[in-house]
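Note that the numbering runs from 1 along the sequence shown for the chain.
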Amino acid sequence: MGLETHRRRISAQKRSSILGAARKNFLTNGYSGAGMAEIARDADVSTATLYKHFSSKEALFTAVVKESAQGAGDYSGVHDPKDSAREALHKLCRAYLALQFEEDGNALMRIVIAEVPGAPGLANEMYEILGNRRNASLRAQIDTLIEQGKLRPHDSAFSVRICAGMLKEVFVWSALFDASVTLPPDTDEKIHAIIDAWLKLYGAETAA
């Protein structure tokens, strides 16, 4: 292993450690309560090393959000080409809710909402990551289903927002105001009810 490769590996390890410590600190103490010195200590790096990787607390928080959304917010490969429209939509809805409830999406959104008055840039970045980019990934999947003839041609950007809005109304909003809220036992039943309503608008059989 060359010296430069070794340095890059060590740097990547330190960055990963910082992100892990920051995520825990932000979720425990909120954005305002999180301290860069404490994060550096928990990551077992110097404060100088932390600032070498992340220029500010806002930049660090944004990186935490991006890391959380990177996998769970990418919907490519979530469904199989052989899936029916309903099967594909169910998998997409489940993936959407997994980001909110299993990947700390709800908790991160609560932190940002609390900071909006003093950090509008942070809120804008969060909306771009968990709003626009996420919807763009979902739209790509809906466009694929349209190309396969499983959905009728329509404005997929708008239809994604309708589906996401129903998911938020049924599952997410209450969790933003109460951290103890989890997905209910009848989650799949409710998802299918949402899909029923959505397919009445965009299902292939409605084209006629």
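Counting heavy atoms of neighbouring residues, nucleotides and ligands inside a 6.0 Å radius, atom NZ of K91 exceeds 12 of them. Heavy-atom contacts from other residues, nucleotides or ligands closer than 6.0 Å to CG of D44 number 12 or fewer. Within a 6.0 Å sphere centred on NZ of K168, heavy atoms belonging to other residues, nucleotides or ligands number more than 12. Within 6.0 Å of atom CZ in R41, more than 12 heavy atoms from other residues, nucleotides or ligands are found, so the atom counts as buried in its surroundings.
A pairwise comparison of heavy atoms in A22 and V64 identifies CB-CG2, 3.9 Å as the closest pair. Looking at every heavy atom in both residues, D83 comes nearest to H79 through OD2-CB, 3.4 Å. When all heavy atoms of L151 and A85 are compared, the closest pair comes out as CD2-CB, 4.1 Å. The minimum heavy-atom distance linking M166 with A197 is given by the pair SD-CB, 4.4 Å. When all heavy atoms of A34 and N29 are compared, the pair lying nearest together is N-CB, 4.0 Å. Of all heavy-atom pairs spanning I39 and L50, the tightest one is CG2-CD1, 3.8 Å.
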Can you check salt bridge (Lys or Arg N to Asp or Glu O under 4.0 Å) on D104 and R23, steps first, answer last?
-> CA-CA 9 Å; D104 299 318; R23 182 190 185 98; 2.6 Å; yes
Could you walk me through whether V172 and L167 pass the side chain to side chain contact (heavy atoms under 4.5 Å, CB included) test, one step at a time?
-> CA-CA 7 Å; V172 176; L167 289 172; 5.6 Å; no
Start with the C-alpha gap between N106 and F171, add the side-chain angles, then the distance that decides, and say whether side chain to side chain contact (heavy atoms under 4.5 Å, CB included) holds.
-> CA-CA 11 Å; N106 291 333; F171 299 106; over 6 Å; no
Intermediate values then yes/no, side chain to side chain contact (heavy atoms under 4.5 Å, CB included), T187 and R94 = CA-CA 9 Å; T187 292; R94 268 295 185 178; 3.6 Å; yes
Test K82 against E87 for side chain to side chain contact (heavy atoms under 4.5 Å, CB included), laying out the working first.
-> CA-CA 9 Å; K82 295 181 292 185; E87 290 168 335; over 6 Å; no
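By the 4.5 Å heavy-atom criterion applied to side chains, N124 and E128 are not counted as neighbours. With contacts defined as side-chain heavy-atom distances shorter than 4.5 Å, the pair D42/K24 does not qualify.
Ring orientation note: the planes of F61 and F26 are nearly perpendicular, at an angle over 60° on the 30°/60° scale. In this structure, H90 and H192 have parallel ring planes: the angle between them is below the 30° cut-off, well short of the 60° mark.
With S159 as reference, I142 is the one residue of L138, I146, I142 to meet the side chain to side chain contact (heavy atoms under 4.5 Å, CB included) rule. Partner of V160 under the side chain to side chain contact (heavy atoms under 4.5 Å, CB included) criterion, chosen from Q141, R134, R139: R139.
To the nearest 0.5 angstrom, C163 atom SG is 8.0 Å from L92 atom CG. Remark: N25 CG to I18 CD1 distance equals 12.5 Å, nearest 0.5 Å. Here S46 contributes atom OG and K52 contributes atom NZ; the two are 9.5 Å apart, rounded to the nearest 0.5 Å. Taken to the nearest 0.5 Å, the CG atom of L27 stands 9.0 Å off from the CZ atom of R110. Rounding to the nearest 0.5 Å places CD1 of I195 at 4.5 Å from SG of C93.
Salt-bridge formation is detected for the pair D196/R86: a Lys NZ or Arg NE/NH1/NH2 atom is positioned less than 4.0 Å from an Asp or Glu carboxylate oxygen.
Put simply, Y96 and V181 are part of two different groups of oily side chains (I, L, V, M, F, W, Y) that touch within less than 4.5 Å, one to the next. Following chains of ILVMFWY side-chain contacts shorter than 4.5 Å, one cannot reach V45 starting from I10, and the two form parts of different hydrophobic clusters.
K57 places a side-chain N or O within donor-acceptor distance of the main-chain N or O of Y31, the cut-off being under 3.5 Å. Using a distance-only test at 3.5 Å, with no hydrogens or angles considered, a donor-acceptor pair links the side chain of S17 to the main chain of A43.
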